[in-house]
Amino acid sequence: MDRANRKRIALIGTGHRGTSMWGINVVKGYGDFVEIVALCDINRLRAERARGFLGIDAPIYADAQEMIATVKPDTVIICTRDSNHDEMIVRALEAGVNVITEKPMTTTAEKVRRILDAEKRTGKRVDVTFNYRYAPTVRKIKELLNSGVIGDVTSIDFHWFLDNKHGADYFRRWHAVEENSGSLFVHKSTHHFDLMNWYLDDDPEDVSAFASLRKYGKAGPFRGERCKTCPHASYCDYYMDISKDPWLEALYEDPSREDGYVRDACVFREEINIPDTMSAMIRYRKGVQVTYSVNTYMPIEGHFIAFDGTKGRIQMRQFERQPWETPEHDEILLVRNFGGAETITVPHEPGGHFGGDPKLQDMLFKPDTPDPLNQRAGSRAGAMSVLCGIAALQSAKTGQMVSVSKLLDPAQAIAA
Ligand SMILES: NC(=O)c1ccc[n+]([C@@H]2O[C@H](COP(=O)([O-])OP(=O)(O)OC[C@H]3O[C@@H](n4cnc5c(N)ncnc54)[C@H](O)[C@@H]3O)[C@@H](O)[C@H]2O)c1
């Protein structure tokens, strides 16, 4: 591709995700296709650190609207905290700029509707970065489902395991407050609900859920403000020494002088108001029934998924981290009704999420990348996965089953 025709991209939010996946990796791997022409972050120091890591000399802005008006990028990539994605998305669309937004697309039903309306009004495009769709094992499962080998899917059993490292990390900062992340039913489960929506090519309809806070926040045995100054550090299982991590030191600890954004806040602090233990039952429009759970303080990291169909079953346990050895590949078990079992081995690929991250970037940045599995996700996918999580949280709070389509279209709820 002629470098003069490269797409001009601006990055909003230069935290870990912005600087690594959408900064360093883009400069390293996609420089022939896109150019990062500006960076934006309300924390100037963090943006400067990010620019240093990227090795570019793009200008830095504190205000996204000013950046868009001045730099006029083709596309913005939004990597701010979840609760202000909508504001960033709508502003960019209204300025005539396409959007790539990190998941979750947003955090409330009202914000979902605002984004969908702005996209329709402006004719610009929103891409949502559902990288899990691109992991090799996930692609293989989708191919098997599309082939009809297990007939019509009738139920799914899906359980996601977050360990004491990754799971705890959501409780160290803004994610742990519902107003910022919509809770992990939105922030994290958006990936899982999107996978099911995409696997089934269907929309979730009714959701019933339970959720509780059992380990972190007020459930903890003691608390401090942050690990760095904590009197309980010597015996706390969740103690994290930020000074041992040069990346976190550079990108968060030093820039925290500017905004007080602490990266090692206490996982037991009182303000935590999201559940850490969640389960849901979901019924899809075409009738598929799902049993789902996510837990955030386990000794294992990974997931289990099983599809039952009219002609057989597919199941897979993906291992991400556990205190025993696992192979460098995944195994999918395919069992035909009244037939034999077959183990399909899928090797992991290089890059984040078992190779999913670079595949997503190929799709977004390399022109004419084929998309036979419909992996590229837009605002509709962003909306349906987020609404499923919002419905789950609402159900857990009220004890009532919640209709996803009524969240999308409140007129239906009034008419009902
Ligand atoms: N797909 C994935 O696997 C994956 C993984 C990690 C994070 N994420 C997503 O990426 C996003 C960012 O995550 P993170 O861990 O880097 O968060 P972070 O808090 O570390 O970084 C967010 C950055 O946005 C900046 N910011 C906040 N408000 C702003 C505003 N109004 N204008 C400009 N900058 C603003 C903050 O100062 C901060 O530097 C989140 O939405 C998260 O869900 C996705």
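Every heavy atom of this structure was used, including side-chain atoms; hydrogens, water molecules and symmetry mates were not. In listed order, ligands and their atoms are each counted from 1.
- Checked against a 3.5 angstrom limit, the closest N/O atoms of Tyr132 and ligand 1 fall outside it.
- With hydrogens and angles left out, the side-chain atoms of Tyr199 and Lys142 include no donor and acceptor closer than 3.5 Å.
- Taking distance alone, with nitrogen or oxygen atoms compared against 3.5 Å, Asp259 stays at or beyond that limit from ligand 1.
- For Glu119 and Ser379, the side-chain atoms include at least one donor-acceptor pair closer than 3.5 Å.
- Counting heavy atoms closer than 4.0 Å to ligand 1, residue Glu87 contributes nothing at all.
- For the pair Ala64 and ligand 1, no heavy-atom separation below 4.0 Å is found.
- At a cut-off of 3.5 Å, with distance as the only test, a side-chain donor of Tyr261 or Arg173 sits close to an acceptor on the other residue.
- Not one N or O of Arg81 is nearer than 3.5 Å to an N or O of ligand 1, by distance alone.
- Looking at atom 13 (O) of ligand 1, its nearest protein heavy atom turns out to be Arg17 CB, 3.9 Å.
- The shortest N/O to N/O separation between Arg46 and ligand 1 falls below 3.5 Å.
- Looking only at protein heavy atoms, the nearest one to atom 22 (C) of ligand 1 is Cys79 O, 3.4 Å.
- For Glu225, the CD atom counts as loosely surrounded, since its 6.0 Å shell holds 12 or fewer non-hydrogen atoms of other residues, nucleotides or ligands.
- Taking the six-membered ring for Trp, Tyr134 and His353 have ring centres at least 6.0 Å apart.
- Judged purely by distance below 3.5 Å, without hydrogens or angles, the side chains of Trp160 and His191 never pair a donor atom with an acceptor atom.
- The nearest heavy-atom contact from the protein to atom 41 (O) of ligand 1 is Asp82 OD1, 2.6 Å.
- Stacking of Arg317 on the aromatic ring of Phe319 is recorded, both the 6.0 Å distance cut-off and the 45° axial limit being met.
- In terms of polar-atom proximity, His175 is not counted as a contact of ligand 1, lacking any N or O under 3.5 Å from an N or O of the ligand.
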